[in-house]
Amino acid sequence: MAFEFAFTPEQRLLKRSARQFMRSQIEPGLPDDDWSGHGGDSPLELVKRMQHQGWFGIGIPRALGGAGMGEVEYCILMEEISAVDSSLGTIFGAHSGIGLMPIYLFGNDDQRERFVRPIAEGRHLAAFALTEPTAGSDAASIKTKAVRDGDDWLISGTKIWCSNGNFADTVVVFAVTDETLGAHGGVTAFIVSKGTPGFTVGTIEDKMGIRQSNTAELIFDNCRVPKQNVLGKVGEGFIAALTALDGGRVGLAAACLGACKRLLDDCVRRAKDRERYGKPLGKNQSIQWMLADMATDIHLAEYAVYHAATLTNEYYEKIAHGEPVPRALREKVSRAAAAVKIHCSEMTGRAGERAIQIFGGDGLKMKYRIDRSFRDQVITEIYEGTNEVQRLIIARELLQEGA
Amino acid sequence: MPPSGARLRVLVPVTGAFHGKVRLKRNGLVDTEGVERILSRESAQALALAKQLAAEGAELVVVHVDKGGGEEVLREALAHGADQGVLVEGAEKSESDASTRATTIAEVYKQMGPFDAVIGPARSEFAGFTGTLAALAGQLELPCLVGVSRVAVDGVGLRIAYQSLFGDYDLRVPRPSVLLVGDLEPSHPTAWGIHDAHRVKGILRVKADNYTVQKALTKRQRIENVPQESRSLESVDGATLVRRLRSRSLIAEKGGSP
Amino acid sequence: MSDDLGLAGLYATMADAPRPAANLEDVRGNDWRNILVLGRATKTGVYPETLALVSRARFLADELGCRVEVLLIGSSLDAATAELKRYPIDTVYRVAAPDYAPIDHTARILEQVVRKRKPELVLVFQSRTGDAVTAYAANRLGVGFATGASKVEMDTSERKAVVTHESGGQARFQVVSALQVLPQFVSVQRGLFRAPLETPDATVRVHDLSVEAGRLAPIEVLGHKPAPTPTLETADRVVVAGARIQSAAELDLARQLAQRLDAVFGVTVGIVERGLAKDEGNVVGVHDHHVAPRLLVTVGVRGALDFLEAIEGNPLVCAIGCEATDPIAKRAAYLVAGEVPAGVASVLKGL
């Protein structure tokens, strides 16, 4: 029996049309120079055009205004968007993967109607606020607090590294609601709308990479949120965060895959284009090996990413429909997500170094955008959980299995 | 004349294109195995034009004469926002040419009409579809305009923007007319459209035998590889170059327009 | 820019169209004979493509032993007629109409002329309108047609046209088909044939015909804007200056050449990086503009792959001011070797 692993006609069309749209409608609108100006000025006009394509609610059912697809299709879009620009990939991932998805998965019907529909219809953008100055990889140590005040909650604290934070209409905020219970039981997720009194945007980070994605500090000062905005049950916020981050990691891996494929295309063209010592660069075995290594990495990553996406899709469908999730499936998803996140982010790092070597001095010029890929890649080994933490997740699973 | 007050209806004949490398087999047949068949770029342009009328409430009916892989071509057209798809199946079994395709589409037009416009691609593989749609106009005795980039309802007619060497014109044309698209940014399917095209919208399947009422008037003799150009580089002086270019109609004769 | 032959221009002048001078006579008998070329007039003569078709028609007619006839449709055809009289044509038919009729109108004139004069082969040069006129007329006569032929031959025993179509895109194969019913309508790609030699003793008969094209669709002109300037991507003719150019004066010569050829002017990455030309949004290269002209003239271009890969379609490449060993020579059909100034000057002189 053959091992079937191929896109459906619908997925092929989505991939092809996303590629055409990104390369013909979005790429020409991106600046050649991403270095000038303040990192964090996102090209929102371009984002709006992408929203109108129905991509920003890709995994949300048609009945809620989404495109009625799933995690594989989300990864297809992540790949094609990031092949053109990693900043746009970050905006899309922060919105769809970790901003929107927990509201859809853990929200009640009222929340889905109030928050998911405008997002899925391409009218609103979402963000995810978990990290704090003293809680990065150690997300369980968050200090932002939420206390009850009648029918409302008052949130106080500061979140950092919030992608889309400056312009998101809807933010999922994680806060401690019971210090005695720790992460599991003591953290609750809240849906906070832009403009809510007590919610302000602080510093916008000026970064060396993904400069056109907006990375903001969010400040909550007795921000009053009605109890209707508690996402899921009180005390179950950490599960929502971890669940969203699993899918987010797979999406990030797909983004790395797209960026890496684009780098390989550029390098192949360069190897044919550039002549040295009377022959194209690609005639040199050293260059051929670099290209072959990149292609091998990509080949393996592609299967792994879409396998992880398929697992995540199964996992999310069960949650969305209120079905019990087998522990084995949850663990499989976490492990696969961690693995592809590590592999793909590090693969992109290797590809960036090789691309600079193949391009030589031109690789440092902004015109060829190799420098940008190189700078954009750095964060992929850090956000959505550092690669070191991902290795801990995998090791923990391995040792549990061994026991 | 369309019934007054009825929803405007537009027929959009679409063509497919190969997505990937097509080779010729030793037996003279085209090897398309594993090559995806997709909506042609020109058809996406035609849909972009037709969607201008859809924005005014028109119903878009896409029709595709299938020569293999046609369902995906038609579903892609539906993904662009067309309301209904008609797939003429089995055309690959009989010899066909632009005339027979025109007859087939004319039959679809008559049986599924009335329509207020036929909007189609102006080029396709082998540059055949312009001819097909003009032949359709000839059969249906409809006005035919090539190079249309904008269309809107204008009373009982249509107001179109038309591109030609003489410039861009705004014209009022009667309904129905056959409009072949000009240089226009192709439409892009949305994720919503892709979903609906594959999971919601149905396709009306008709047999080509019932629609093809005419024999092919051109007969395919063979398919062959394009011979490698044997032309060697010719070293010339300036005057010779100019003569060569004029003889190939690539530049103007003295005093003439190119 | 559209390669359309124009429709709307005629509506503005429809009212002033001169009356036809004579009625069209039927050819007696049932034989379909002769080759009819649908010509296209300019203000000063005919389009080069018309002459190229006359050349092919003459060749085929000599094989078949028949006549070459040209049909001109328009409002001001004297210059075109005068030019055609210098070439090996038997008869020119002229039908008075606005500059170039709309598809249905032109096609009906063509249909009527074909019904009366009974040519066995009708040749039209390809454009979107040319294809449409061919198909419309053929269909009204109930006969087949072929559009966009890359080759036209005649099976002289059967007197059937055998046409070849090259596939578009990446596929490199061609389909050969034969028309089955007379008269045969073929639109032919441009740039395939040479214009015929002028024939000093040519005796070309000219007939002005009266043709009833039937009722015109009620089309009204609401507005008009002049044609947009072609861009590097859309131009039929492109001249590109490259890094072998040594000075601003040489660069200016390349610009002059572009102007004389009515071509769009571009530069390579190489000459911009050398600082001789500025990037004015006209750099041709993989990361900049791609070009897909019918004619590409390079001036002082060596042919880096960045440039070569930005060339789409199958243009005729003429390389001026480079050497036969340069990469561009592998793509070029014609080479004017040597230094740029001498090469460009000799071409300018020839123009």
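Side-chain atoms are counted along with the backbone in the values below, which use heavy atoms only and exclude waters and symmetry mates. A, B, ... follow the sequence lines: proteins, then strands. Residue 1 opens every chain.
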Pick from Ala345(C), Ala149(C), Ala132(C) with the largest number of heavy-atom pairs that fall under 4.5 Å of chain B: Ala132(C)

- request: Enter the distance from His105(C):NE2 to Cys144(B):SG here, rounded to the nearest 0.5 Å.
  value: 14.5 Å

- prompt: So what's closer than 4.5 Å to chain B heavy atoms on Ala329(C): side chain, backbone, both or neither?
  reply: both

message: With a 4.5 angstrom heavy-atom cut-off, is it the side chain or the backbone of Val336(C) that approaches chain B, or both, or neither?
response: both

message: Does any backbone or side-chain atom of Val344(C) lie under 4.5 Å from a heavy atom of chain B? Answer side chain, backbone, both or neither.
response: neither

message: If you count every heavy atom of other residues, nucleotides or ligands that lies below 6.0 Å from Glu141(B) atom CD, does the total exceed 12?
response: yes

message: Show the nearest heavy-atom pair for residues Asp104(C) and Pro143(B), with the distance to one decimal.
response: OD2-CA, 3.5 Å

message: To check you understand the geometry: which heavy-atom pair defines the closest contact between Gly350(C) and Val242(B), and what is its length?
response: O-CG1, 3.6 Å

- request: Applying side chain to side chain donor-acceptor pair (under 3.5 Å), name anything that partners Arg260(C), two or more places apart in sequence or on another chain.
  value: none

message: Heavy-atom cut-off 4.5 Å, strictly under: side chain, backbone, both or neither for Leu142(B) against chain C?
response: backbone

query: Is it the case that more than 12 heavy atoms not belonging to Glu36(B) sit under 6.0 Å from its CD atom?
result: yes

- request: I would like to know whether Asp183(B) and Thr234(C) meet side-chain contact (heavy atoms from CB on, under 4.5 Å); could you show each step before the answer?
  value: CA-CA 10 Å; Asp183(B) 300 325; Thr234(C) 61; over 6 Å; no

CG-CG distance between Leu335(C) and Asp237(B), expressed to the nearest 0.5 angstrom: 11.5 Å

Closest heavy-atom pair and its distance - Phe145(C), Thr132(B): CZ-N, 4.3 Å

- request: Return the set of residues passing side chain to side chain donor-acceptor pair (under 3.5 Å) with Ser187(C) (not counting sequence neighbours), or none when no residue passes.
  value: Asp131(C)

- prompt: Among Ser177(B), Ala161(B), Ala137(B), which residue forms the greatest number of heavy-atom pairs with chain C at distances under 4.5 Å?
  reply: Ala137(B)

query: In terms of heavy-atom pairs under 4.5 Å, which option from Leu180(B), Val173(B), Val236(B) contacts chain C the most?
result: Val236(B)

task: Can you establish whether the number of heavy atoms outside Arg150(B) located under 6.0 Å from its atom CZ is more than 12?
output: no

statement: The interface call for Leu348(C) against chain B, heavy-atom contacts under 4.5 Å, is neither

- request: Identify the heavy atoms of Asn139(C) and Ala135(B) that sit nearest to each other, and give their distance.
  value: ND2-CB, 3.1 Å

- prompt: Given side chains that start at C-beta, do those of Val178(B) and Ile103(C) come closer than 4.5 Å, heavy atoms only?
  reply: no

